[in-house]
Amino acid sequence: MLLALPLLEACDLTGPGLPAGAEPFVPPAVYQQWWQLTEQCSGSSGSYADVSWYLVPGVDVIPLGDGTLVNGRWDPSGNRIILAGDSEFAGDLVRHEMLHALLRSGGHPRNAFIARCGGTVVCTQECITEAGSAPQPDPDAQLVAASALEIGVDVTPGAPSSNVNGGNFRMVVTARNTSSSPVIVQLPASGDVGLSGSFAFQIIGGAGARFFIERAEVPELRRFAPSETKRFIFDFHIGEGDTRYYQPPGTFQFKGSYSDVWAPNPPTVVVSP
């Protein structure tokens, strides 16, 4: 079974003050790593210490001023990021809000949220619409199958533990165009509302296996410049939870793929409590 559990749109609109139940909180230490990842992909820099953090415990969504429900938002008033409690360890969502804070912008410029930081920050639904039309493909690009790419997978840190990095770790799946020419990958239809799949993971061990596949909602996921590597970061927090971000302890094989082409030699990882 393939799991596709999209977040509600992360957003940046200023709401009518803080939502009910919002509390200041000290973010986990891993947020500083996430901030650095967002700086790296965006090419922007800013002061992490300047961001004010708020959490609404025990909820999976928070309201905007117009009543829209989202998982998190950046508020330019006070440069604050407000998260639904259930999204505290949703790395791609948190980095989406961090990107707003770095850009100090309420919009979703396509170059930042999709072209440069796709795979590092989440951008779905309204984010994609607001980003505008995708650029035209390179007319010299060759159509290739996903098997023409070099797929890799890595788990960092290699021995996850609740005593290391606060129990947070990440799996990075990469797809590299080994050609000196631009390519466009032909992705087979996944049967999921007509969209193809791109990056995915399969974690095998314990009581069975679980899957997650990222839908190819933007054409940039299929386009590779000469020798370009695209990557997708899957974040995990050790423990039990209802979202894909939680990983229970145990010994697991972490398999990563791009369009059903699986990386060779998937690592077997002991996740310690």
Side-chain angles (χ1 to χ4, degrees), residues 1-8 10 23 25-38 53 55-61 71-72 81 83-98 119-122 151-175 197-215 231-258 260 262-273:
M1 180 176 64
L2 292 179
L3 301 178
L5 305 174
L7 293 167
L8 295 176
E23 302 174 353
F25 87 112
V26 177
V30 73
Y31 278 30
Q32 295 191 44
Q33 297 178 22
W34 293 352
W35 182 267
Q36 292 166 2
L37 288 171
T38 312
W53 294 91
L55 193 72
V56 185
V59 302
D60 58 358
V61 293
N71 303 106
I81 292 176
L83 301 171
D86 289 357
S87 296
E88 180 180 356
F89 298 112
D92 50 358
L93 172 85
V94 175
R95 291 189 292 268
H96 178 111
E97 307 307 337
M98 288 177 169
T120 300
V121 310
V122 64
I151 313 303
V153 60
D154 182 60
V155 175
T156 303
S161 166
S162 296
N163 295 323
V164 177
N165 211 26
N168 297 284
F169 65 104
R170 59 183 178 267
M171 175 187 187
V172 181
V173 182
T174 56
S198 58
F199 290 97
F201 69 67
Q202 181 183 34
I203 301 175
I204 303 172
R210 66 187 182 106
F211 303 81
F212 177 83
I213 186 168
E214 178 69 13
R215 296 178 297 181
R231 68 175 183 169
F232 200 94
I233 300 173
F234 295 106
D235 299 278
F236 299 101
H237 179 75
I238 298 172
E240 301 289 344
D242 295 331
T243 72
R244 69 173 173 88
Y245 300 97
Y246 286 88
Q247 177 62 40
T251 300
F252 302 91
Q253 186 180 59
F254 282 76
K255 300 179 64 177
S257 76
Y258 177 86
D260 294 331
W262 294 91
N265 305 314
T268 297
V269 177
V270 177
V271 179
S272 300

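Heavy-atom basis, side chains included; hydrogens, waters and symmetry copies ignored.
Across all non-hydrogen atoms, the minimal contact from Glu88 to Leu55 is OE1-CD2, 3.9 Å. Nearest heavy-atom pair across Ile213 and Ser198 is CG1-N, 4.2 Å. The two residues Arg95 and Thr120 have their closest heavy-atom pair at NE-O, 2.6 Å. Of all non-hydrogen atoms in Asn71 and Ser87, the two that sit nearest each other are CB-OG, 3.5 Å. Closest approach of Ile204 and Lys255 over heavy atoms only: CD1-CD, 3.7 Å.
By the side chain to side chain contact (heavy atoms under 4.5 Å, CB included) test, Glu23 is found to be paired with Pro57, residues two or more places apart in sequence or in another chain being considered. Every residue two or more places apart in sequence or in another chain that forms a side chain to side chain contact (heavy atoms under 4.5 Å, CB included) with Phe232 is listed here: Phe199, Glu214, Phe234. For Phe25, the ring-ring contact (aromatic ring centres under 6.0 Å, His included) test picks out no residue, with sequence neighbours left out. Taking the side-chain hydrogen bond (donor to acceptor under 3.5 Å, both in side chains) definition, one finds that Asp86 meets it with nothing, sequence neighbours left out.
In this structure a side-chain-to-backbone donor-acceptor pair under 3.5 Å is missing from Arg170 to Ile233.
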_ring pair (Phe, Tyr, Trp, His ring centres under 6.0 Å) assessment of Phe236 paired with Phe201_ = CA-CA 12 Å; Phe236 299 101; Phe201 69 67; 5.5 Å; yes

*Could you please spell out the steps behind the side-chain hydrogen bond (donor to acceptor under 3.5 Å, both in side chains) verdict for Gln33 and Asn165?*
CA-CA 10 Å; Gln33 297 178 22; Asn165 211 26; 2.7 Å; yes

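With contacts defined as side-chain heavy-atom distances shorter than 4.5 Å, the pair Asp235/His237 does not qualify. Contact annotation: the side chain of Leu37 approaches that of Trp34 to within less than 4.5 Å [non-hydrogen atoms, C-beta and beyond].
Under the 3.5 Å distance criterion, with hydrogens and angles disregarded, a donor-acceptor pair is assigned to the side chains of Asp92 and Tyr245.
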Quick one: side chains of residues 266-273, donor-acceptor pairs under 3.5 Å with protein atoms, not counting sequence neighbours, listed by atom name and distance.
none

Exercise answer: donor-acceptor pairs, residues 152-159 side-chain atoms, under 3.5 Å, sequence neighbours excluded:
residue : atom : partner : partner atom : Å
Asp154  : OD2  : Thr156  : OG1          : 2.9

